[in-house]
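For reference, the structure is listed below as structure tokens.
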Amino acid sequence: MEAELLAKNGCPIEEWKPILLWHMTRDEFLLRDFLVNWLFPAFLSGAYRVRTEDVYEHLRGVGRRGGTTEHSWSEATLKRVATALLKMAVDFGLLRGSVVKEFASYHLPERSFVYLLYAIREERRSPQKVLASEDWQMFLLSPSDVERELLRLHQFRKVDYQIAGSIIQLTLPCANACEYAERMVA
């Protein structure tokens with residue numbers, strides 16, 4: 001796993017944490033669902049502060065959205081899960097605070113962004129699907145934010161990003177995410 005390679009070889013923690021989060025959400029449905037379907041919409045709506053209780057209704061609907069829960073969660077379980085999800089958002093730099101959380105001024109580091117381009121491209125294949133991937137929402141990025149960053153990276157010749165109408169071409173300097181991860185810690 002690339003996240004392990006990066007951790008063992010001294011990748012700066014600020015660059016490693018978003019990569020770890022992406023890999024974690026490949027298996028952690030609840031965390032991914034929370035980030036994409038609750039935290040990102042709350043961010044887009046202009047919410048400044050969020051409390052544990054704000055997440056309860058979302059968690060009650062997890063089973064209705066395709067998640068599997070054996071039975072309805074008790075209030076104590078809702079509180080524990082909501083608290084844990086918000087704490088994870090703090091741990092990954094998306095929120096800050098202890099009791100009442102506030103949206104942090106989050107910036108996805110450039111090398112983490114490029115790594116995620118590789119990882120998402122390996123799953124989605126087409127450049128259009130890479131830009132539109134809901135995975136970016138885990139990092140509080142909209143498709144226009146992703147495109148803006150791609151244009152910036154293209155300007156500095158770190159990626160080749162061409163767009164003409166509905167045709168998009170994205171060329172990255174390495175063959176895959178693993179090769180890029182190796183280059184990150186070389």
Side-chain angles (χ1 to χ4, degrees), residues 2-3 6 14-48 50 54-55 58 61-62 65-67 85-86 88-96 101-181 184:
E2 292 86 3
L6 293 169
E14 307 81 39
E15 293 178 349
W16 178 75
K17 281 171 42 173
I19 294 168
L20 176 64
L21 178 60
W22 187 84
H23 281 284
M24 284 175 57
T25 59
R26 302 306 88 197
D27 297 323
E28 295 295 332
F29 163 79
L30 189 59
L31 176 59
R32 178 183 172 74
D33 178 73
F34 165 73
L35 294 171
V36 170
N37 295 313
W38 190 86
L39 192 66
F40 183 68
F43 174 73
L44 279 184
S45 75
Y48 177 65
V50 294
D54 298 337
V55 185
H58 174 77
V62 167
R65 288 188 305 279
L85 289 170
L86 290 171
M88 289 175 91
V90 169
D91 291 345
F92 283 100
L94 301 167
L95 297 172
R96 66 174 177 259
K101 313 289 191 259
E102 298 175 349
F103 279 95
S105 178
Y106 183 77
H107 174 74
L108 183 61
E110 181 180 293
R111 293 191 328 159
S112 303
F113 179 88
V114 174
Y115 175 89
L116 293 170
L117 282 173
Y118 282 102
I120 295 169
R121 185 180 70 177
E122 288 172 11
E123 284 189 350
R124 307 274 195 252
R125 300 287 180 221
S126 82
Q128 291 91 340
K129 290 180 180 177
V130 169
L131 264 72
S133 174
E134 69 179 15
D135 288 343
W136 297 111
Q137 294 173 9
M138 294 186 296
F139 306 98
L140 307 178
L141 295 173
S142 68
S144 62
D145 296 328
V146 174
E147 185 169 34
R148 193 171 22 263
E149 184 63 11
L150 280 170
L151 289 168
R152 190 187 71 74
L153 290 169
H154 175 82
Q155 181 179 11
F156 291 102
R157 298 180 185 198
K158 296 183 179 187
V159 301
D160 182 28
Y161 176 66
Q162 306 287 328
I163 185 166
S166 63
I167 300 172
I168 298 174
Q169 177 182 328
L170 175 62
T171 307
L172 302 171
C174 296
N176 54 43
C178 187
E179 185 180 316
Y180 185 72
M184 284 176 73

Please enumerate all residues that pass side-chain contact (heavy atoms from CB on, under 4.5 Å) together with [X], with sequence neighbours excluded.
X    : value
A119 : W22, Y115
Q155 : none
V36  : R32, E134, Q137, M138
P173 : Y118, R183

**Listed partners of S126 passing side chain to side chain donor-acceptor pair (under 3.5 Å), at least two apart** = none
**For E102, salt bridge (charged side-chain N to carboxylate O under 4.0 Å, His left out) partners two or more places apart** = R49, R96
**Asked** Can you list the residues that meet the salt bridge (charged side-chain N to carboxylate O under 4.0 Å, His left out) rule with D160, with sequence neighbours excluded?
**Response** none
**Asked** For L108, does its backbone N or O pair with a side-chain atom of S112 as donor and acceptor, under 3.5 Å?
**Response** no
**Request:** Output every pair passing ring-ring contact (aromatic ring centres under 6.0 Å, His included) with a member in residues 136-155, not counting sequence neighbours, ordered by first then second residue.
**Result:**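 ring-ring contact (aromatic ring centres under 6.0 Å, His included) check on residues 136-155 returns F113-W136.
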**Item:** Partners meeting ring pair (Phe, Tyr, Trp, His ring centres under 6.0 Å) with F92 (sequence neighbours left out)
**Value:** none
**Item:** ring pair (Phe, Tyr, Trp, His ring centres under 6.0 Å) involving F103 - partner list, sequence neighbours excluded
**Value:**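 In terms of ring pair (Phe, Tyr, Trp, His ring centres under 6.0 Å), with neighbours along the sequence ignored, F103 is linked to F43.
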**Request:** Sort and list the pairs that fulfil salt bridge (charged side-chain N to carboxylate O under 4.0 Å, His left out) and have at least one residue in residues 117-126, not counting sequence neighbours.
**Result:** R26-E123, R124-D135
**Message:** Tell me which pairs pass salt bridge (charged side-chain N to carboxylate O under 4.0 Å, His left out) where either residue lies in residues 106-118, with sequence neighbours left out.
**Reply:** E15-R111, E110-R152, E110-K158
